[in-house]
Amino acid sequence: MFKRIDKLQISLPQPSKPDPEAAGVVQELLGGRFGEMSTLNNYMFQSFNFRSKKKLRPFYELIASITAEELGHVELVSNTINLNLNGSIGNGKTNPDETPLREALGIPNMFQFILGGQNSVPADSAGKPWTGDNVFSSGNLVNDLLHNFYLECGARTHKMRVYQMTDNETARELCGYLLVRGSVHAVAYAKALEKVTGVDVQKMLPVPDLDNSKFDHARKFEEEGSHLKLYRFSDQDYGLLNRIWTGPTPIGPPGELEVVDGTPEGGEIPDLEHIPEEFAPGFDEEQFRELSKRLQYEAGM
């Protein structure tokens with residue numbers, strides 16, 4: 001089972017102005033082939049389908065724990081997209097004959113407005129829907145681990161490219177954090193493969209350099225020690241991660257790898273205002289007040 005906490009894994013800075021272009025490229029990090037929906041569903045189905053869980057317990061726990069973190073990454077990317085779309089179009093008019101959403105015609109990823117109501121959608125930066133074809137769950141432990149290592153390296157490449165496409169602070173904060181956490185996952189899968197096969201995977205394959213020191217928004221997370229930590233995302237279970245995640249870190253500032261009980265400290269989830277012209281969430285101010293009375297809840301208006 002999954003336990004949900006009403007926080008994002010980090011705090012996201014509020015954009016100084018709407019930036020639908022940044023939201024459009026970040027969409028690739030959500031629903032692209034190497035996006036967070038792919039890492040989540042690859043690891044989730046591998047954890048569901050894992051055979052000999054008792055005999056191979058540390059490897060099962062590794063995939064299962066990273067699955068839980070990836071759920072939070074999907075949430076984090078979606079909120080980054082939503083923050084940058086917020087207020088980007090619409091003139092506040094509710095008369096549909098006044099074409100209040102006309103400006104969306106000039107935005108490359110119109111799916112965010114047509115399908116999502118000015119929000120993220122489960123698709124890539126070209127609007128192509130995410131597909132289960134992106135999931136690899138072979139049932140073979142070494143094959144799955146090797147694929148996961150490759151997947152994390154591909155995801156890292158895309159994050160580096162998005163980082164270099166936009167100077168949007170919210171998008172870069174997201175990319176910086178995911179670069180560090182993705183490096184952790186790549187190293188974790190490499191270490192797992194080394195335990196199984198005896199091969200140093202990081203030396204075997206030509207992959208992007210895992211050095212994050214060039215990225216300001218990644219370097220600060222490493223200075224906080226995020227590159228050392230693998231979270232259990234559990235109160236009592238998954239206690240064997242330290243069989244794999246142990247020893248000195250091969251990336252970032254020197255330190256010892258650490259399995260952390262529970263979850264990251266986290267940050268506040270943005271509470272975005274309603275958009276009348278998008279019918280999202282579909283209530284006017286008077287309806288909000290009436291609904292608040294029915295629920296006997298002060299909505300903070």
Side-chain angles (χ1 to χ4, degrees), residues 1-3 5 9 34-74 76 134-156 177-205 207 210 221 225-252 255-264:
M1 295 185 289
F2 295 101
K3 179 179 180 180
I5 299 172
Q9 289 184 7
F34 292 95
E36 300 301 322
M37 290 186 65
S38 289
T39 51
L40 165 63
N41 282 283
N42 271 267
Y43 309 155
M44 184 164 63
F45 278 93
Q46 288 174 17
S47 69
F48 293 164
N49 298 337
F50 199 106
R51 293 181 179 273
S52 298
K53 289 183 175 69
K54 292 182 179 179
K55 294 179 180 178
L56 298 169
R57 187 76 191 176
F59 301 98
Y60 163 67
E61 290 191 4
L62 178 70
I63 296 172
S65 296
I66 295 178
T67 296
E69 180 168 356
E70 295 294 348
L71 274 166
H73 288 183
V74 171
L76 192 62
N134 294 329
V135 173
F136 183 90
S137 178
S138 71
N140 179 279
L141 176 59
V142 174
N143 203 11
D144 285 349
L145 289 173
L146 187 60
H147 171 270
N148 295 352
F149 179 77
Y150 160 76
L151 180 60
E152 289 290 348
C153 291
R156 176 176 176 80
Y177 179 72
L178 294 182
L179 281 171
V180 174
R181 296 309 301 164
S183 296
V184 167
H185 297 168
V187 170
Y189 287 128
K191 289 175 74 68
L193 280 163
E194 184 176 355
K195 294 285 186 183
V196 175
T197 67
V199 175
D200 189 337
V201 178
Q202 293 182 87
K203 293 180 180 179
M204 182 180 73
L205 297 177
V207 296
L210 295 181
F221 289 111
S226 184
H227 66 297
L228 302 172
K229 299 174 181 177
L230 191 64
Y231 297 95
R232 291 197 301 115
F233 285 90
S234 179
D235 297 327
Q236 298 175 341
D237 300 317
Y238 308 109
L240 298 179
L241 291 175
N242 59 4
R243 301 294 195 277
I244 298 173
W245 191 250
T246 185
T249 178
I251 58 171
E256 291 292 317
L257 300 178
E258 173 190 8
V259 174
V260 179
D261 293 342
T263 66

side-chain hydrogen bond (donor to acceptor under 3.5 Å, both in side chains) against [X], all qualifying residues, sequence neighbours excluded:
{"X": "N49", "result": "S137"}
{"X": "Q46", "result": "N148"}
{"X": "D144", "result": "S138"}

Measure the spacing between [atom1] of [X] and [atom2] of [Y] and express it to the nearest 0.5 Å.
{"X": "Y231", "Y": "L241", "atom1": "OH", "atom2": "CG", "answer": "13.5 Å"}
{"X": "L178", "Y": "E152", "atom1": "CG", "atom2": "CD", "answer": "10.0 Å"}
{"X": "L240", "Y": "L56", "atom1": "CG", "atom2": "CG", "answer": "12.0 Å"}
{"X": "L71", "Y": "Y43", "atom1": "CG", "atom2": "OH", "answer": "13.0 Å"}
{"X": "K53", "Y": "S47", "atom1": "NZ", "atom2": "OG", "answer": "7.5 Å"}
{"X": "L62", "Y": "L230", "atom1": "CG", "atom2": "CG", "answer": "6.0 Å"}

**Q.** All pairs passing side chain to side chain donor-acceptor pair (under 3.5 Å) where residues 57-68 contributes a residue, at least two apart
**A.** R57-E61
Q) Which side chain to side chain donor-acceptor pair (under 3.5 Å) pairs, counting each pair once, include a residue from residues 233-244, with sequence neighbours left out? A) K3-D235
(Q) With a sphere of 6.0 Å drawn around CZ of F45, does it hold more than 12 non-hydrogen atoms of other residues, nucleotides or ligands? (A) no
Q.
According to side-chain contact (heavy atoms from CB on, under 4.5 Å), who are the partners of S183, at least two apart in sequence or on a separate chain?
A. R156, L210, N212, I251
Q: Go through F221 and L179 one step at a time and tell me if the side-chain contact (heavy atoms from CB on, under 4.5 Å) criterion holds.
A: CA-CA 10 Å; F221 289 111; L179 281 171; over 6 Å; no
Q: Return the minimal non-hydrogen interatomic distance between P58 and I244, and the atom names on each side.
A: O-CD1, 3.6 Å
Table please: side-chain donor-acceptor pairs of residues 255-263 below 3.5 Å, with sequence neighbours left out.
unit_1 : atom_1 : unit_2 : atom_2 : d
D261   : OD1    : R232   : NE     : 2.8
D261   : OD1    : R232   : NH2    : 3.0

Residues 186-197 side chain polar contacts: donor-acceptor under 3.5 Å, at least two apart:
unit_1 : atom_1 : unit_2 : atom_2 : d
K191   : NZ     : T246   : O      : 3.1
T197   : OG1    : L193   : O      : 2.7
T197   : OG1    : V199   : N      : 3.1

(Q) Going by salt bridge (Lys or Arg N to Asp or Glu O under 4.0 Å), name the pairs with one or both residues in residues 35-46, residues two or more places apart or in two chains. (A) E36-K159
Q. Taking the six-membered ring for Trp, are H73 and Y177 parallel (under 30°), tilted (30 to 60°) or perpendicular (over 60°)?
A. perpendicular
Q. Under the salt bridge (Lys or Arg N to Asp or Glu O under 4.0 Å) test, which residues partner E69, sequence neighbours left out?
A. R181
